[in-house]
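Okay, structure first, notes after.
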Amino acid sequence: MSNNRERRRQESWKAADVKCPFYLRDSSTTLECEGFTDGMIVTLSCRTKEKKNKHMGIYCAGRYDHCPVYNNTMSKYAE
């Protein structure tokens, strides 16, 4: 593998499956989402890649309306 290829940012394959409108990006063990107030980013740090992937499967790519981050962030858009 060339050096250029190794230096490229590695995206999670699950990013393509994300349904949550507040998802921003993820890395090996973290998720970043739009925060509860303007200009805020919420970072979820998981102990393992498996825990992060489980959270993504349940909430980000699944029932995001049940996610605590989604519900708190959604409150800033309440009329």
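Cluster membership check: Y23 shares its hydrophobic cluster with V42, using side-chain heavy-atom separations under 4.5 Å among Ile, Leu, Val, Met, Phe, Trp and Tyr.
The closest donor-acceptor contact from the side chain of T73 to the backbone of V69 lies under 3.5 Å. Side-chain atoms of K52 do not come within 3.5 Å of backbone N or O of R47 as any donor-acceptor pair. T29 contributes no side-chain N or O that, together with a main-chain N or O of T48, makes up a donor-acceptor pair within less than 3.5 Å. Under the 3.5 Å distance criterion, the side-chain polar atoms of N71 are matched with a main-chain donor or acceptor of D65. Under the 3.5 Å distance criterion, the side-chain polar atoms of S75 are matched with a main-chain donor or acceptor of N72.
Two residues are said to be in side-chain contact when any heavy atoms from C-beta on lie closer than 4.5 Å; L31 and M56 meet this criterion. Contact of the F36 side chain with the K76 side chain is not registered, since no non-hydrogen atoms from C-beta on lie closer than 4.5 Å.
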Going through the checks in order, is the side chain to side chain contact (heavy atoms under 4.5 Å, CB included) test met by H55 and L44?
-> CA-CA 10 Å; H55 178 91; L44 301 175; 3.8 Å; yes
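Within the 6.0 Å centre-distance limit, the rings of Y64 and Y70 are counted as a close aromatic pair.
Atoms OG1 and CG, from T43 and L24 in turn, are 9.0 Å apart once rounded to the nearest 0.5 Å. Distance check: C20 SG to E34 CD gives 9.0 Å after rounding to the nearest 0.5 Å. Rounding to the nearest 0.5 angstrom, the gap separating the OH atom in Y59 from the NZ atom in K54 is 9.5 Å.
The aromatic rings of F22 and Y77 sit parallel, their planes meeting at an angle under 30°, below the 60° perpendicular limit.
The nearest pair of heavy atoms linking R25 to I41 is NH2-CD1, 3.9 Å.
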